[in-house]
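This report refers to the structure that appears directly beneath it.
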Amino acid sequence: MLELFEILLTTGFWAATIRIASPLIFGTLGELICERAGVLNLGIEGIMTIGAMAGWMWVYQGGDLWGGVMFAASVGAIFGLLHSIFTVYLGLSQHVTGIGITLFGSSLSYFVYRMLLPSASTPPKITAFQTYKIPYLSDIPIAGEALFSQTPMTYLAFLTVPVVWYILQRTPVGLAVRMAGENPVAVEAQGIDVLAIRTGAVVVGSALMAIGGAFITMSAFDAFFFGMINGRGWICVALVIFASWRPGKALMGAMLFAGLEAFQVRAQQISGAAIIPYQFYLMLPYVLSIIAMIIMARKAKYPQALLVPFRRGERV
Amino acid sequence: MQIEPREHMSAWRVGFAPVFAVFATLAICAVLIVWAGAPVIESYQLLFKGAVGSRFALNETITRSIPLIFTGLAVAVAFKAKFYNIGAEGQLYCGALAATYFGSGLVTLPPVLMIPFLMLVGAIAGGVILILPVLLKTHMKVDEVVTTLLLNFIILLFVSYLLEGPWKDPMSMGWPQAKSVIDEGILPPLFAKGRLHMGLYFALGAAFLVWALMRFTIWGYEIKAAGLNAIAAAFSGINVNKTIIRTAMISGGLAGMAGVSEVAGLKGYLTLDLSPGFGYTGIAVAMLARLHPLAVVPAALFLSGIYVGSGSMSRAVNIPAYISDVIVGMSVLAILVAVMFSQYRIKWRS
């Protein structure tokens, strides 16, 4: 038992927590922006896969790392645009469109990967983002080492949280996005184009999701595998509900989640832990996502116009 | 730009929407074939030949369509009630687990009873796993898409645990596979050559029964009403929650039968690669069928033909076999647009 507590005192555990949380932060914030504008984006799993492939491929073909992140974001944005043409302009089912984008996006990434690397049996590697120690701060024991000795993409993830919060809560654009998700008719009455606002939110949100995917192949690992996203996108959808659609709580949710994940990996290695087969440890994130949704379900305040397409001139 | 409903619902337009969607999909995916440096027409000819060009190919295409008919029906019924069950993949494995548990020696009955018994327990297992997501939806408003999707991952890990642990067949030379289904439970092959098995009759029977259920019974009417307008349905005295729970059980049951048919018909035993995503492809099947139970059969045959045919196409002209998954994903998006344009039109100037 004592060994389990000791895990919590190691730098490795906290550093891993922050690393695992990073892609979840990108994905959850991306989904959150879409949903605040009234669009459920179930394309997230496919868009993360596309981002993981696109960013990695950019670097593998000789591009630089930040160029890869930008490229992944652009490809994600294009898929977001596709999603919003379907769900915002044509008003089609957000559920089915999202599933379609996920099926199309992930299979297209595998196809493109195989096209460009037809005979790669062992996945080739790139030089991924290296850890960048922030001077002075990273000298603080445990917390400093864990927080300030990460890759630049992790710092970007944590910086995105206050930025998204500020834009959503403190700027006119953010207000328009939130209103588009609560009462689109009122937005229209203000002379603001609901469709444009929603499209913008889905495009930006999808770009963030793709960056989350790119984190996995460019920062956490250095290669692209099939089935690499492995449900992380769906976990982000659950985290948005857990976070009650708030960026700050999304950060906390992602951290909690990543903490449990980092903990289980280490707990497995403790003597006596092998009694429980490894599959049950791997199940934990999915089980926890469901539990998180159950806990928050009663309190969940869904954006009022989530899933409701807006057609100009039509009264709801 | 304005979207307005068409005044006349032309049966021609509605009926041909899937055909348009299929052609649009193949036209868009032609871009990928061009990219791969292969001739488009010839590649599609190879795909067609590979799917239905010989007795063997046709046999294989029909065999592969059996699980797709089941999962397509499962999705069609659920989506009709606007219950978005994306967990057919997991429910399929639950059915397979039940078939393995009861079929590998625990129960021995003559084949005429054993096969229906395995189908029944498989259906029950598929339905049982949906109880949690459906109750969460009806009683706590937790989105069923996420819960059913997450359950897929949990179930697959559970199957992996069983196959590497307590259920591992000691005779399997180290491969993670379960004990074989006993001879009485095996779905007999329909022809001397080829893999086509009796599961086809169960699949076609299921399609017919689901059609009859939706067309002629009060349950079917309630499912459609709950999906079209839950509030109106509630006002007219339909217990919407009860209807959705019932729909979920039917849907999970159908997906479970897909697992039984694969274990007891095609493979004979449970492995971790039993389904290459039949549950997800079932969504494309149901959408292409416009959620009509009888139309699920040709839609399943079409997509299974794409899978079987693209295998031989990719070998012949060197296109990555993932092209079939791209076609499946693309067709879901194409059918959405095609169906919309059969019901609405775009007015560019208001």
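Side-chain atoms are counted along with the backbone in the values below, which use heavy atoms only and exclude waters and symmetry mates. All chains are named by letter (A, B, ...) in the order of the sequence lines, taking the proteins before the strands, and each is independently numbered beginning at 1.
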Using 0.5 Å steps for rounding, measure from the [atom1] atom of [X] to the [atom2] atom of [Y].
| X | Y | atom1 | atom2 | result |
| --- | --- | --- | --- | --- |
| A:Leu282 | B:Leu156 | CG | CG | 11.5 Å |
| A:Phe104 | B:Ile327 | CZ | CD1 | 11.0 Å |
| A:Leu307 | B:Asp143 | CG | CG | 7.0 Å |
| A:Arg114 | B:Ile319 | CZ | CD1 | 15.0 Å |
| B:Thr148 | A:Trp234 | OG1 | CH2 | 9.5 Å |

Please give me the minimum heavy-atom distance between [X] and [Y], naming the atom from each residue.
| X | Y | value |
| --- | --- | --- |
| B:Leu150 | A:Met293 | CD1-CE, 4.5 Å |
| B:Met287 | A:Val96 | CE-CG1, 3.6 Å |
| A:Met115 | B:Ala36 | CE-CA, 3.3 Å |
| B:Ser160 | A:Tyr278 | OG-OH, 4.0 Å |
| A:Ser93 | B:Tyr84 | OG-OH, 3.8 Å |

Segment of [X] engaging chain B (4.5 angstrom heavy-atom cut-off):
| X | value |
| --- | --- |
| A:Tyr113 | neither |
| A:Leu116 | side chain |
| A:Ile294 | both |
| A:Leu108 | both |
| A:Tyr110 | both |
| A:Leu284 | neither |

Of all of B:Phe79, B:Phe341, B:Tyr280, B:Phe158, which one pairs up most often with chain A through heavy atoms under 4.5 Å apart?
->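 Between B:Phe79, B:Phe341, B:Tyr280, B:Phe158, the count favours B:Phe158.
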Between B:Leu157, B:Asn152, B:Val332, B:Asp325, which shows the greatest number of heavy-atom pairs under 4.5 Å with chain A?
->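 Option with the top pair count is B:Leu157.
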Using non-hydrogen atoms and a 4.5 Å limit, figure out which bit of [X] sits close to chain A: side chain, backbone, both or neither.
| X | answer |
| --- | --- |
| B:Val337 | both |
| B:Ile335 | neither |
| B:Val145 | side chain |
| B:Ile154 | both |
| B:Asn318 | neither |
| B:Ile86 | side chain |
| B:Ile323 | both |
| B:Leu333 | both |
| B:Tyr161 | both |

Heavy atoms of other groups near B:Trp175 CH2, more than 12 under 6.0 Å =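 Check fails, neighbour count at 12 or below.
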Is the CZ atom of B:Phe23 crowded by more than 12 outside heavy atoms at less than 6.0 Å?
->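 No, because the 6.0 Å sphere around CZ of B:Phe23 holds 12 heavy atoms or fewer from other groups.
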Minimum side-chain heavy-atom gap B:Tyr322-A:Ser107 below 4.5 Å |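 Answer no - side chains too far apart.
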Note, A:Ile290 side chain near B:Val142 side chain (heavy atom, < 4.5 Å) |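 Side chain of A:Ile290 against side chain of B:Val142, heavy atoms only: no contact under 4.5 Å found.
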Partner set under side chain to side chain donor-acceptor pair (under 3.5 Å) for B:Trp167, not counting sequence neighbours =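 Scan of B:Trp167 (side chain to side chain donor-acceptor pair (under 3.5 Å), adjacent residues dropped) gives none.
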Between A:Thr102, A:Val237, A:Val112, which shows the greatest number of heavy-atom pairs under 4.5 Å with chain B?
->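 With the most close heavy-atom pairs to chain B, the winner is A:Val112.
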